Asks: 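Take a look at this one; I'll ask things after.
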Amino acid sequence: MNPFRVPRPVFPVLFGLGLILAGTVQAAGEEDLAWNTRLKQQFYGDRPIEEGTQVVELTAPYRAEDPALVPLQITSKIPQAQDHYIKNITLVIDNNPVPFSASFDFTPESGKADVALRARVNAYTNVRAIAETNDGKLYMNKAFVKASGGCSAPIGTDLEAAMARLGKMKFKFDGDKAALGQANPVQLLISHPNISGMQMDQISRLVKPAHFVDEVKVSFDGKPVLTAKTDIAVSADPNFRFYFVPDKAGELKAEIKDNLGNHFTQTQAVTP
């Protein structure tokens with residue numbers, strides 16, 4: 001008898017393979033369970049959402065190095081024209097304690113409806129970017145991220161220093177000058193501990209109450225460039241990268257508010 005040929009029933013092998021495939025399908029379905037059963041209806045009701053990368057693309061690491069600082073990049077695929085543009089992008093992290101993470105409003109003056117930030121991811125989850133164009137249509141792209149404990153990661157030992165620089169902001173440009181009539185990348189760096197309400201103080205060993213930035217407004221010479229509503233998923237010391245189109249020399253202005261009612265403002269002269 002050939003030792004490599006062991007007679008065995010075919011049906012059990014196929015049945016076992018079927019169970020494996022069924023398990024794979026079930027696992028894939030579970031990734032969307034929260035969205036399909038609760039979140040989609042909560043945020044968008046019965047409105048149709050087209051999934052893909054034709055309008056917006058989300059880039060995220062498959063396995064996060066630091067769950068409290070997960071880099072997320074949202075890239076638009078259509079121009080911000082006056083007659084057709086992305087007016088809003090909402091970021092949802094399905095399995096976070098608060099799935100709503102941020103909502104960004106754009107205008108044609110934004111140049112590009114692109115935004116990058118760092119987020120807290122609390123569990124293995126799908127992260128979604130849902131774009132709404134000015135004609136009311138919805139488009140979604142998602143990425144699966146393996147991370148754990150991002151929302152409850154310890155605050156650290158420098159909270160007192162963080163509170164001392166609370167609300168300080170800085171604009172950072174890629175070059176020395178902004179180009180007229182073009183979409184210019186810019187970063188807004190914000191000093192704020194963005195405490196999630198789930199984190200333990202390393203010194204007192206007590207869970208600190210939530211204290212986070214919940215509104216960001218950026219304008220250029222009074223015209224809105226980026227408006228954001230944010231929640232506890234945005235990391236400590238929020239850092240937003242976006243675009244704006246200057247048509248002349250002017251002033252870039254950032255206004256932020258946190259959930260305790262604190263307001264902060266920063267301006268930056270822009271000389272094209």
Side-chain angles (χ1 to χ4, degrees), residues 56 59 69 71-76 78-91 101-119 129 131 134 158 161-194 211-231 234-272:
V56 67
T59 304
L69 295 168
L72 303 176
Q73 170 72 49
I74 302 170
T75 306
S76 60
I78 63 173
Q80 291 293 94
Q82 291 291 335
D83 60 341
H84 187 234
Y85 60 92
I86 294 173
K87 71 174 186 178
N88 175 269
I89 294 176
T90 297
L91 183 67
S101 302
S103 178
F104 302 95
D105 291 334
F106 301 91
T107 69
E109 285 73 26
S110 303
K112 293 182 179 181
D114 291 18
V115 64
L117 68 155
R118 298 174 303 184
N134 63 312
D158 58 350
M163 294 302 295
R165 60 178 187 270
L166 183 74
K168 292 185 178 180
M169 289 181 278
K170 179 182 179 181
F171 286 108
K172 185 178 180 181
F173 300 91
D174 279 5
D176 294 332
K177 301 288 183 180
L180 280 178
Q182 297 182 22
N184 291 265
V186 61
Q187 280 182 287
L188 174 61
L189 311 176
I190 303 171
S191 289
H192 200 290
N194 255 30
H211 185 194
F212 58 91
V213 173
D214 62 4
E215 188 174 292
V216 179
K217 294 181 179 179
V218 180
S219 60
F220 180 70
D221 266 10
K223 293 182 179 180
V225 172
L226 177 75
T227 303
K229 299 287 187 182
T230 57
D231 214 287
V234 176
S235 71
D237 293 327
N239 179 339
F240 300 102
R241 183 180 178 89
F242 54 95
Y243 286 82
F244 79 112
V245 181
D247 55 359
K248 59 180 180 179
E251 183 181 78
L252 203 57
K253 182 179 182 180
E255 303 169 83
I256 69 168
K257 181 181 77 68
D258 67 26
N259 68 313
L260 299 185
N262 298 307
H263 292 257
F264 307 96
T265 303
Q266 178 66 45
T267 59
Q268 173 72 46
V270 176
T271 307

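FYI, side chains are in, hydrogens and waters are out, and symmetry mates aren't considered; it's all heavy atoms of this structure. Bear in mind the structure is a predicted one, so any value in this text is a computation, not a measurement.
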Asks: Only one of N262, D237, D258 passes side chain to side chain donor-acceptor pair (under 3.5 Å) with H192; say which it is.
Replies: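 That would be D258.
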Asks: Would you give the length of the straight line joining atom CG of L188 to atom CG of L226, rounded to the nearest 0.5 angstrom?
Replies: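 Result: 8.5 Å between the selected atoms.
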Asks: Who pairs with F220 by ring-ring contact (aromatic ring centres under 6.0 Å, His included), at least two apart in sequence or on another chain?
Replies: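 Applying ring-ring contact (aromatic ring centres under 6.0 Å, His included) to F220 gives F244.
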Asks: Among D214, I190, L117, exactly one meets side chain to side chain contact (heavy atoms under 4.5 Å, CB included) together with V234. Which residue is that?
Replies: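 When side chain to side chain contact (heavy atoms under 4.5 Å, CB included) is applied between V234 and each of D214, I190, L117, only L117 qualifies.
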Asks: Work out which heavy atom in V213 is nearest to a heavy atom in N194; give both atom names and the distance.
Replies: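 It is N-OD1, 2.9 Å.
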Asks: Can you see which heavy atom on Y243 is nearest to which on P185, and at what distance?
Replies: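 Y243 and P185 have their closest heavy atoms at CD2-N, 3.5 Å.
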Asks: When you compare the side chain of M169 with that of V216, does any pair of heavy atoms fall below 4.5 Å?
Replies: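 They are not in contact (no side-chain heavy atoms under 4.5 Å apart), so the answer is no.
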Asks: Got a sec, which residues hit side-chain hydrogen bond (donor to acceptor under 3.5 Å, both in side chains) with S191, two or more places apart in sequence or on another chain?
Replies: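 For S191 there are no side-chain hydrogen bond (donor to acceptor under 3.5 Å, both in side chains) partners, ignoring immediate neighbours.
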Asks: Where the side chain of S110 meets the backbone of V225, is there a donor-acceptor pair that is under 3.5 Å apart?
Replies: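 Confirmed, S110 side chain pairs with V225 backbone.
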Asks: List the atom of A236, the atom of P193, and the distance in Å for their closest heavy-atom pair.
Replies: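 In terms of heavy atoms, the two residues are closest at CB-O, 3.3 Å.
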Asks: Taking atom OG1 of T230 and atom CZ of F212, what is their separation to the nearest 0.5 Å?
Replies: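 Taking OG1 in T230 and CZ in F212, the distance rounds to 7.5 Å.
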Asks: Are F106 and I89 packed together at the side-chain level, in the sense that at least one heavy-atom pair is separated by less than 4.5 angstrom?
Replies: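 Yes, at least one pair of side-chain atoms sits under 4.5 Å.
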Asks: Got V270 and F171 here, is their nearest side-chain heavy-atom distance under 4.5 Å?
Replies: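 Contact flag for V270/F171 side chains = no.
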Asks: Taking salt bridge (Lys or Arg N to Asp or Glu O under 4.0 Å) as the cut-off, I'd like each qualifying pair that reaches into residues 260-272, sequence neighbours left out, listed once.
Replies: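 As it turns out, there is no salt bridge (Lys or Arg N to Asp or Glu O under 4.0 Å) pair with a partner in residues 260-272 once direct neighbours are skipped.
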Asks: What's the verdict on side chain to side chain contact (heavy atoms under 4.5 Å, CB included) for N88 and S103, showing C-alpha distance, side-chain angles and the deciding distance?
Replies: CA-CA 7 Å; N88 175 269; S103 178; 2.8 Å; yes
Asks: Compare all side-chain heavy atoms of V186 with those of K172 and state whether any distance is below 4.5 angstrom.
Replies: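 V186 does not reach K172 side chain to side chain.
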Asks: Listed by chain and number, what are the side-chain hydrogen bond (donor to acceptor under 3.5 Å, both in side chains) partners of R241, not counting sequence neighbours?
Replies: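 R241 satisfies side-chain hydrogen bond (donor to acceptor under 3.5 Å, both in side chains) with D174 only.
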Asks: Evaluate the side-chain proximity of E109 to Q82: yes if any heavy-atom separation is below 4.5 Å, no if none is.
Replies: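 A side-chain contact under 4.5 Å exists here.
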Asks: Report the C-alpha distance between D114 and T75 in whole Å, list the side-chain angles of each, state the deciding distance to 0.1 Å, and finish with yes or no for side-chain hydrogen bond (donor to acceptor under 3.5 Å, both in side chains).
Replies: CA-CA 5 Å; D114 291 18; T75 306; 4.6 Å; no
Asks: Looking at every heavy atom in both A249 and D221, which two are closest together, and how far apart are they?
Replies: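 Distance-wise, the nearest heavy atoms are O-OD2, 3.8 Å.
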Asks: Quick check against the 3.5 Å criterion: does T107 have a side-chain atom that pairs as donor or acceptor with the backbone of P224?
Replies: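 Checked: pair present.
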Asks: Test side chain to side chain contact (heavy atoms under 4.5 Å, CB included) on Q80 and I86; report intermediate values, then the result.
Replies: CA-CA 7 Å; Q80 291 293 94; I86 294 173; 3.6 Å; yes
Asks: About how many Å separate CG of L180 and CG of D247, when rounded to the nearest 0.5 Å?
Replies: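 D247 CG to L180 CG: 7.5 Å, rounded to 0.5 Å.
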Asks: For F242, give me all partners under ring-ring contact (aromatic ring centres under 6.0 Å, His included), at least two apart in sequence or on another chain.
Replies: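 Partners of F242 under the ring-ring contact (aromatic ring centres under 6.0 Å, His included) test: none.
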Asks: Looking at every heavy atom in both V245 and A183, which two are closest together, and how far apart are they?
Replies: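 In terms of heavy atoms, the two residues are closest at CG2-CA, 3.8 Å.
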Asks: Could you tell me whether the side chain of N134 and the main chain of Y85 form a donor-acceptor pair under 3.5 Å?
Replies: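 Checked: pair present.
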Asks: Among all residues two or more places apart in sequence or in another chain, which pass the side-chain hydrogen bond (donor to acceptor under 3.5 Å, both in side chains) test with K217?
Replies: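 For K217 there are no side-chain hydrogen bond (donor to acceptor under 3.5 Å, both in side chains) partners, ignoring immediate neighbours.
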Asks: Can you tell me how far apart OG1 (T265) and NZ (K253) are? Round to the nearest 0.5 Å.
Replies: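 With rounding to 0.5 Å, OG1 (T265) is 5.5 Å from NZ (K253).
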Asks: If you compare all heavy atoms of F104 against all heavy atoms of A228, which two are closest, and at what distance to 0.1 Å?
Replies: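 In terms of heavy atoms, the two residues are closest at CD2-CB, 3.6 Å.
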Asks: The test is side chain to side chain contact (heavy atoms under 4.5 Å, CB included); show your working for E215 and K229 and say whether it passes.
Replies: CA-CA 5 Å; E215 188 174 292; K229 299 287 187 182; 2.6 Å; yes
